[in-house]
Each structure stands twice: as structure tokens, then as C-alpha cells.
Amino acid sequence: MTIRAFYRAVKGETAVSPYDSVTLKIYYPAVLDSESAKNTGVIPADETLAPFPVVIFMPGINVGLEGYHWLAVALAKQGLVVVTYSWIAEEMPGFISLTPGVDLTAVSPQTYGSKPTCPAIQPILDQLQNTQHATRNTTPLAGLLDLDKIILGGHSAGGTMALQNANPDWFPAIKGAFCYAGHTMAATFLGFEAGTILPISSHLPLLILGGSKDGVIEASAHRYKLENPSATLALERTFAEGIDGGQQDKYLVILDGANHFSCVHPIDETTGRPFLDHPTTQEDDRIRNELITLIHFFIDGHIRGSAKSRLALKQQVSSGNPLIAMCKSK
């Protein structure tokens, strides 16, 4: 299958120049059968797979979108449109970084839950609407998107944003979320008590993925005033305390031997916090393949409604899988 992508730019909500521009890269399944592509480089989408559900994938702090290229391509091969993005912002005075977009005014004890915490989502949704209603000569995806099936995905801080904003009251088109190394334990510098788990909407299917060798989460225990650092405690408590169950569409899966950056390839060692991470103890390619398998079964089963994929997901995380260190569902 051929996967292509094109770029767009949107304005970040609440941001001021020069930190108000968000660059999008939009991946899609394509077909190499167009004469016009020889001149323009724009290759038509594979309309036999349309309409396409859309994944908006939210990056970790100081992780460039190229680190998620492999993931976007793999998901697009499953018949999805995938949006990755790059946003350089100054969210705290003097702290300039690549970010998923975090509205700090929405994550205080007084304001949490009153509005979205990620100001990137609505502009991206608006751009997807523009893409859907454009003409085919301006975008290969015009008229081919399923904008009633939006899935949030994310890594690290982007995973936290995916979890916190998968709320149908704010974004009715969002139908589920998945994350890797994301959780909702709140930092004490934001004004929360030590170890506070922020609740998230329980109305949608959720898949929380993590690694047993996550050195970054373990090294960040001081942010939450935890006495005993742990690679997985924040994820486990998010699943146990932050989410209501009962529908059997919410999962916590910890991959044995995976670390904080197991969903990033290649890893840029010059930025971010990979120096805090533990080495992986499984083959990295094998871990990434497992991640794609789990995410595919989750989206196909719980967003697209395939009973076969729901069963496959349950089988994939069974106790017989040597890559699964822990799995819980509710």
C-alpha cells in the first residue's frame, strides 16, 4: 500500500506570535495511478477505503513529528487518515518547547474539567472540516473523511492530552482515545495535592499503553511528591481511579521490557529527556509491532465496530503473550 502525506498550518488557540503556528502533516492511503501526480506530486487517495476515520496524534514534549512517522504510516496502512503536528510554544515564561499544546489555565484545581486542556484540537478539527469540504484539486481527501469517527492518540504529555480531552461534551466527533506513556497524575506545582489523579470522561473507549522499563515516568516521581518512584504506578492509578468502567472498552496494557520512548523511532537524543530512560529489554522492532497490533485491534474493534477485532484484542493481551507484563480491562 502506498502512503502519502501533505502539510497544512493552523493557528494555535490562545497563542501569540511567533508561537501561534501549528504545522500539520496529514497521512493517507493513496493510489499511484494519476498522470497529474507527475507534475504536482499530489497523489489521489485510495477511495476504495473511504470514508477514512481520522487519528489526531499528539506528541510528547520536545519530540519531533518525524519520531512518529513510522506510527503514522503503519496506522494509515490500516485505512486511517493520521494527523501529526509540530508546535513550538512558550507555555510557561521562558520555557520554549515542542509541545502537544497545553492550556495551563485549564489544569488548576479550580478549573480542571471546565474546558479542554489542549488548545491544538479545535483548530485541527476545523482544518479537517476545511479539508472535507474543499475541492479535489486542492486536497486529495476532499469528501473522503469520516469526521464522525475521530480518535485521539498521544505519547507522554501528548498521551495525557489525549486522555483528558477525549470528552464528547467538548468534542462530539471524538469516539475514542489511545496513548503510550500518558497518565493523569497531576503535578504539585499546578496546585494539586501529592499523588492526585485527575478524572477523565468514561464515555468513550480508551487504551492506555505503557512500558515496564519507563525511566522517564519513574524519574518524574518528584513532580507528584511520590515517595517510591515507579515506571507504571501513574498509569495504573489513572486506570484504577481516573476512569469508570463497566463497558469492557477500556484497557491498560503494560509491555514487558518497553521504555518511555518505545513508540518513537528514530529517537532524537539531542532534545527531550531520553537520557532518563531505561534500556529496553525486548527487541525494539518487536515492541513497535506489538504497539501497532494493539492499537489496530482497539480502533477496528471499538471505533469501527468489528467484533472480530475486539476478540482479537482480548486474545492479544492474554497471559500467554510474552510481551504483555500487565493487562487490565473494565
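Within 6.0 Å of CD in Gln248 there are more than 12 heavy atoms belonging to other residues, nucleotides or ligands. Heavy-atom neighbours of Tyr7 OH from other residues, nucleotides or ligands within 6.0 Å: at or below the threshold of 12. For Lys77, the NZ atom is loosely surrounded, since the number of other residues' heavy atoms within 6.0 Å does not exceed 12. Environment of CD in Glu227: sparse, with no more than 12 heavy atoms of neighbouring residues, nucleotides or ligands closer than 6.0 Å. The number of heavy atoms from other shown groups lying within 6.0 Å of NZ (Lys25) is above 12.
Here Glu47 pairs with Arg136 in a salt bridge; the nearest charged N to carboxylate O distance falls below 4.0 Å. Using a 4.0 Å cut-off between charged nitrogen and carboxylate oxygen, Lys115 and Asp103 count as a salt-bridge pair.
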Carefully, step by step, assess Ser262 and Asn259 under the rule side chain to side chain donor-acceptor pair (under 3.5 Å). CA-CA 5 Å; Ser262 284; Asn259 67 14; 3.1 Å; yes
For a side-chain contact (heavy atoms from CB on, under 4.5 Å) check, start with the C-alpha distance between Ser329 and Lys250, then their side-chain angles and the critical distance, and finish with the verdict. CA-CA 5 Å; Ser329 63; Lys250 297 167 182 66; over 6 Å; no
Check the pair Asn62, Arg273 against side-chain contact (heavy atoms from CB on, under 4.5 Å), reporting the backbone distance first and the verdict last. CA-CA 8 Å; Asn62 283 325; Arg273 300 194 295 162; over 6 Å; no
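The OH atom of Tyr180 lies 10.5 Å from the CZ atom of Phe261; values are rounded to the nearest 0.5 Å. Note: Ile292 CD1 to Ile287 CD1 = 13.5 Å, rounded to the nearest 0.5 Å.
Using the six-membered ring where Trp is involved, Tyr251 and Phe298 have ring planes that are perpendicular, over 60° apart on the 30 and 60° scheme. Ring geometry for Tyr112 versus Phe192: interplanar angle over 60°, hence perpendicular rather than tilted (30 to 60°).
Judged by distance alone, the side chains of His183 and Glu236 never bring a donor and an acceptor atom under 3.5 Å apart.
Summarising the hydrophobic clusters (Ile, Leu, Val, Met, Phe, Trp, Tyr; side-chain heavy atoms under 4.5 Å, direct or chained), the residues clustered with Leu98 are Tyr19, Ile88, Ile96.
Leu24 pairs with exactly one of Leu128, Ile56, Val83 by the side-chain contact (heavy atoms from CB on, under 4.5 Å) rule, that one being Val83.
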